[in-house]
A.B. asks: 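Mind looking over this structure? Questions follow.
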Amino acid sequence: MKHKLKLILPNKKYATSYLKMEKEFRAEGSKTASRGMDLFKSLKDFSLYNRKMINDRRGINLEKGRVPATLYWAVVGNKIVGRLDIRHRLNKNLRIIGGHIGYAVAPSERKKGYATEMLRLGLKKTKQLGIKKALITCDEGNIASRKVIEKNGGVLGNKIKVKGVCKLRFWIRNIL
Ligand SMILES: CC(C)(COP(=O)(O)OP(=O)(O)OC[C@H]1O[C@@H](n2cnc3c(N)ncnc32)[C@H](O)[C@@H]1OP(=O)(O)O)[C@@H](O)C(=O)NCCC(=O)NCCS
């Protein structure tokens, strides 16, 4: 990695790059939930979007069934290459599927080790939140994500079927 990958809070300086990445996700037909994108269609919406992200991490005006969460943008040099979302605690649904951390890397930036590094840095953030054991889940067929989790010390807890799809539930003990 020429430039170091960093996890940053949403920042207007990188907003255009972030929007570009989201466009890539839409183009690949990604179904991964991208929090707040309903508010963030162009650069001029950044303040509104950012207010929502600030409120979400402070637990202000959360939608029903949501827990406080922090969205990080992954940046390498001047480019946004991914996003990582940390749920500050589990609720009934997240405990089954979803877990503490979700992540995605821009299609054009995959297979460069970015997700592995993002999860490593994300785990440090969960430690700061007092999470001792992080739950990370993925589809059984998502080989890349499974590798990312296992390379970060993930231990398979169990497998469950949700709407016909086999999901893996991994736990990572926060020893960092
Ligand atoms: C899963 C995802 C985040 C991986 O991102 P990435 O930056 O490419 O991952 P890394 O480069 O850190 O690669 C991790 C491992 O997976 C492997 N890998 C990456 N893409 C792969 C693929 N399509 N098929 C098989 N293995 C793959 C890498 O080779 C690497 O393994 P290695 O260390 O043995 O070589 C990315 O594919 C993605 O954003 N997918 C869509 C969203 C998603 O699935 N998010 C996770 C939800 S649980």
Side-chain angles (χ1 to χ4, degrees), residues 1-8 10 14 17-38 40 53 56 66-67 69-126 129 131 133-174 176:
M1 239 179 264
K2 198 168 136 231
H3 295 281
K4 239 175 128 180
L5 183 145
K6 284 186 273 185
L7 293 182
I8 60 166
Y14 301 101
S17 184
Y18 190 80
L19 286 167
K20 220 169 148 190
M21 175 182 76
E22 289 296 336
K23 208 171 156 188
E24 269 192 57
F25 284 129
R26 287 195 300 278
E28 76 162 353
S30 166
K31 291 188 188 77
T32 337
S34 185
R35 208 150 54 77
M37 289 316 287
D38 49 329
F40 192 20
M53 293 301 104
D56 281 359
R66 310 291 298 206
V67 300
T70 303
L71 182 78
Y72 288 100
W73 292 5
V75 61
V76 176
N78 277 322
K79 191 171 180 191
I80 296 295
V81 299
R83 57 171 143 77
L84 180 133
D85 205 9
I86 299 182
R87 277 71 78 160
H88 298 193
R89 58 182 165 79
L90 301 176
N91 60 17
K92 204 176 147 206
N93 289 336
L94 290 168
R95 184 165 285 281
I96 300 168
I97 208 74
H100 287 103
I101 308 179
Y103 46 82
V105 167
S108 59
E109 297 291 339
R110 290 182 187 158
K111 294 195 181 179
K112 296 182 183 177
Y114 289 158
T116 306
E117 179 63 2
M118 281 161 56
L119 183 57
R120 189 184 74 80
L121 297 174
L123 286 164
K124 283 191 179 182
K125 308 272 186 196
T126 58
L129 289 167
I131 297 166
K133 245 171 79 183
L135 176 67
I136 329 269
T137 70
C138 74
D139 288 3
E140 189 174 38
N142 194 339
I143 310 291
S145 188
R146 184 178 181 150
K147 280 193 175 178
V148 168
I149 298 167
E150 287 177 336
K151 285 170 86 173
N152 276 287
V155 174
L156 184 63
N158 65 328
K159 292 183 187 189
I160 53 166
K161 221 170 197 169
V162 179
K163 292 179 189 157
V165 180
C166 193
K167 308 269 183 183
L168 307 179
R169 295 174 73 253
F170 288 92
W171 292 95
I172 304 182
R173 205 171 281 280
N174 237 331
L176 293 165

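What you see is a predicted model; the values in this text were computed from it and never measured. We count ligands from 1, going down the list as the structure has it; atoms in each ligand are counted the same way.
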A.B. asks: Could you check whether any side-chain heavy atom of E24 comes within less than 4.5 Å of a side-chain heavy atom of E109, counting everything from C-beta outward?
C.D. replies: no
A.B. asks: Going by the atom numbers of ligand 1, which of them fall below 4.0 Å from some non-hydrogen atom of A104?
C.D. replies: 39 (O), 42 (C)
A.B. asks: Which atoms from ligand 1 have a heavy atom of K112 less than 4.0 Å away?
C.D. replies: 11 (O)
A.B. asks: For I86 and K125, work out which heavy atoms get closest and say how close.
C.D. replies: CD1-CB, 3.5 Å
A.B. asks: May I ask you to list the atoms of ligand 1 that are less than 4.0 angstrom from any heavy atom of G113?
C.D. replies: 10 (P), 11 (O), 12 (O)
A.B. asks: Below 3.5 Å, N or O to N or O, backbone or side chain included: is there any such pair between V105 and ligand 1?
C.D. replies: yes
A.B. asks: My understanding is that we take every heavy atom of each candidate and find the minimum distance to atom 44 (O) of ligand 1. Doing that for T137, I136, N142, which one comes out nearest?
C.D. replies: N142
A.B. asks: Distance under 4.0 Å to a non-hydrogen atom of T116: what atoms of ligand 1 satisfy this?
C.D. replies: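 Checking each atom against T116, I get 10 (P), 12 (O), 14 (C).
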A.B. asks: Tell me whether the count of non-hydrogen atoms from other residues, nucleotides or ligands lying under 6.0 Å of CZ in R169 goes above 12.
C.D. replies: yes
A.B. asks: Which of the numbered atoms in ligand 1 are below 4.0 angstrom from a heavy atom of C138?
C.D. replies: 48 (S)
A.B. asks: For the side chain of R120 and the backbone of N152, is there at least one donor-acceptor N/O pair under 3.5 Å apart?
C.D. replies: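 The answer is no, because no donor-acceptor pair under 3.5 Å joins these two groups.
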A.B. asks: Distance-only, no hydrogens or angles: does the T137 side chain make a donor-acceptor pair with backbone N or O of I97 under 3.5 Å?
C.D. replies: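 A pair under 3.5 Å: no.
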A.B. asks: Would you mind finding which of K147, K151, K167 brings a heavy atom closest to atom 33 (O) of ligand 1?
C.D. replies: K151
A.B. asks: For the side chain of R87 and the backbone of G99, is there at least one donor-acceptor N/O pair under 3.5 Å apart?
C.D. replies: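 Indeed, once roles are kept as given, a pair shorter than 3.5 Å links the two residues.
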